[in-house]
**Student:** 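Handing you a structure now.
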Amino acid sequence: MLFGKEPTGFIFDVKRYSIHDGPGIRTTFFFKGCPLSCWWCHNPEGISPLPAPTYHGNRCIACGRCVRECPRCARTFGPNGIILDSTKCVECRICEQICPTRAIEFVGKEMKVEELIRLAKKDLAFYDESGGGVTFSGGEPLMQAEFLIACLKALHSQEISTAVDTSGFCREEDILLAAEEADIFLFDIKLIDPKLHEYYTGVGNERILANLRSLDKKLVERGRGSINIRIPLIPGVNNSPENLEAVIACVLSLRSVSGVNILPYHSIGSGKYKNLGLEFKMGRTQPPSDDEVSQAISLFASRGIHAVKGG
Ligand code: SF4
Ligand code: SF4
């Protein structure tokens, strides 16, 4: 904490009563900012570290004020409403202020630790009942490490269980500090081949895999905390037997893994890309079939690893 100033964080969503972000019933806080740009990301509004403009076409009355008054000419009329060229936008928020129908909104809100804790504690009874707690997701929560660790400490001191949903692309010292407080890490492994990883996510995976090993060692030393490996199963990207075998070898080399979640790809977030003026690179990629998901689960089971669909 710099000069005693309490850290604050940028949050773009809060999901209460979540049952897919760790065990039990949870409150999930979605942190702004991610160093990766995965083609299939279903929360693209979380990629920018700052509040990002989004467009709700159903509220737009086509008055054209945002097009006329944008100082960077970043907005134009398109066949289905207003189009944003995100490469020109400087996030000055003029369009948000002048839009008469709130069709343009900036996603993301600054929050203090105590505000987050107050919100999380509203569902204490559900956590106790279900073995749930609070999950930090994103974006990449470790991009706001100081704020994240302050929240983890505050929740830990109140005996509220915590989970950190991470890509693992962060500073090693930050994930090790988080490992002193958090109970569960939901750790994504997307691709083992570093070149393919870079092609589809914008970054190599060397740092991610090194952090995974360091986190595993730390949790073993601590004698508390576990890692849930999460694999988004994406046809044509990472569902090859070679990649899955390499993931299995990686999982088998770790000692604090409590389970593997296979998350079938879906394109539900694709509409958000247009609203944000971003390109959706997955095109018409279809979700994996039930058979493909079962085959992946069986492959893990054949090596003695308990994997489940979703989670
Ligand atoms: S936020 Fe972006 S789109 Fe909106 S007025 Fe400013 S530059 Fe233009
Ligand atoms: S200012 Fe608002 S209502 Fe008017 S065209 Fe732009 S988005 Fe639509």
Side-chain angles (χ1 to χ4, degrees), residues 5-15 28-113 115-116 119 136-148 165 167 169-170 200-203 266-284:
K5 189 176 175 292
E6 193 182 337
T8 58
F10 275 108
I11 306 290
F12 68 90
D13 200 6
V14 180
K15 191 163 69 178
T28 304
F29 292 90
F30 293 86
F31 281 37
K32 285 282 288 165
C34 185
L36 279 66
S37 46
C38 305
W39 287 25
W40 51 87
C41 176
H42 53 263
N43 287 332
E45 69 275 40
I47 294 173
S48 163
L50 296 170
T54 190
Y55 168 70
H56 306 283
N58 57 336
R59 296 185 198 158
C60 176
I61 55 170
C63 69
R65 286 194 69 184
C66 58
V67 176
R68 287 192 302 275
E69 296 185 36
C70 171
R72 304 300 295 251
C73 301
R75 292 193 180 270
T76 50
F77 279 105
N80 299 308
I82 300 299
I83 296 171
L84 171 68
D85 181 343
S86 59
T87 60
K88 292 183 180 168
C89 176
V90 289
E91 302 185 350
C92 65
R93 302 182 78 149
I94 289 174
C95 52
E96 182 188 42
Q97 288 152 21
I98 59 174
C99 176
T101 59
R102 297 186 59 224
I104 295 170
E105 269 184 330
F106 273 66
V107 180
K109 170 182 184 291
E110 195 169 7
M111 211 181 246
K112 290 183 180 164
V113 177
E115 210 179 336
L116 185 147
L119 193 50
F136 296 98
S137 184
E140 169 51 64
L142 280 152
M143 253 186 95
Q144 300 187 55
E146 191 186 6
F147 178 65
L148 172 69
D165 180 7
S167 66
F169 194 88
C170 59
Y200 284 111
T201 72
V203 299
H266 60 73
S267 59
I268 294 168
S270 60
K272 294 180 184 176
Y273 283 78
K274 195 171 69 177
N275 294 349
L276 290 159
L278 300 173
E279 182 192 1
F280 182 60
K281 293 182 178 172
M282 292 303 290
R284 294 180 187 278

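Just so it is clear, the model here is predicted, and its values are computed rather than measured. Just follow the structure's listing: the first ligand is 1, and inside any ligand the first atom is 1.
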**Student:** If we ignore hydrogens and angles and just use 3.5 Å, is the side chain of Glu146 paired with the main-chain N or O of Pro7 as donor and acceptor?
**Tutor:** no
**Student:** Please determine whether Cys70 has a backbone or side-chain N, O or S atom lying under 2.8 Å from atom 8 (Fe) of ligand 1.
**Tutor:** yes
**Student:** Is there any salt bridge (charged side-chain N to carboxylate O under 4.0 Å, His left out) pair reaching into residues 66-85, and which pairs are they, with sequence neighbours excluded?
**Tutor:** Arg65-Glu69
**Student:** Which of the atoms in ligand 2, numbered in the order shown and given with their element, are less than 4.0 Å from a heavy-atom of Thr101?
**Tutor:** 3 (S)
**Student:** Give me the nearest non-hydrogen protein atom to atom 2 (Fe) of ligand 1 as residue plus atom name, then the distance to 0.1 Å.
**Tutor:** Cys89 SG, 2.4 Å
**Student:** Once rounded to the nearest 0.5 Å, what's the spacing between atom SG of Cys38 and atom CD1 of Ile47?
**Tutor:** 7.5 Å
**Student:** If you count the atoms of ligand 1 from 1 in the order shown, which ones are under 4.0 Å from a heavy atom of Leu84?
**Tutor:** 3 (S)
**Student:** Is a side-chain donor or acceptor of Glu140 paired with a backbone partner of Ser167 at a separation under 3.5 angstrom?
**Tutor:** yes
**Student:** Angle between ring planes, Phe31 versus Phe136, binned at 30° and 60°: parallel, tilted or perpendicular?
**Tutor:** perpendicular
**Student:** Please state which part of Arg93 comes within less than 4.0 Å of ligand 1, counting heavy atoms only: side chain, backbone, both or neither.
**Tutor:** backbone
**Student:** Are any of the side-chain heavy atoms of Lys88 and Cys70 separated by less than 4.5 Å?
**Tutor:** no
**Student:** Just which atoms of ligand 1 are under 4.0 Å from any heavy atom in Phe106?
**Tutor:** 1 (S)
**Student:** Give a yes or no answer on whether the side chain of Tyr55 reaches the backbone of Ile82 with a donor-acceptor pair at less than 3.5 Å.
**Tutor:** yes
**Student:** For atom 6 (Fe) of ligand 2, which protein N/O/S atoms fall under 2.8 Å? Skip waters.
**Tutor:** Cys66 SG
**Student:** For atom 6 (Fe) of ligand 1, grab the closest protein heavy atom and report residue, atom and distance to one decimal in Å.
**Tutor:** Cys92 SG, 2.3 Å
**Student:** Listing request: all side chain to side chain donor-acceptor pair (under 3.5 Å) pairs with a residue in residues 29-44, at least two apart in sequence or in separate chains.
**Tutor:** Asn43-Lys272
**Student:** Look at atom 7 (S) of ligand 1 and say which protein heavy atom is nearest, naming residue and atom and giving the distance to 0.1 Å.
**Tutor:** Val90 N, 3.5 Å
**Student:** Flag the pair Phe30 / Glu45 as yes when at least one side-chain heavy-atom distance between them is below 4.5 Å, and no otherwise.
**Tutor:** no
**Student:** Who pairs with Arg59 by side-chain hydrogen bond (donor to acceptor under 3.5 Å, both in side chains), at least two apart in sequence or on another chain?
**Tutor:** none
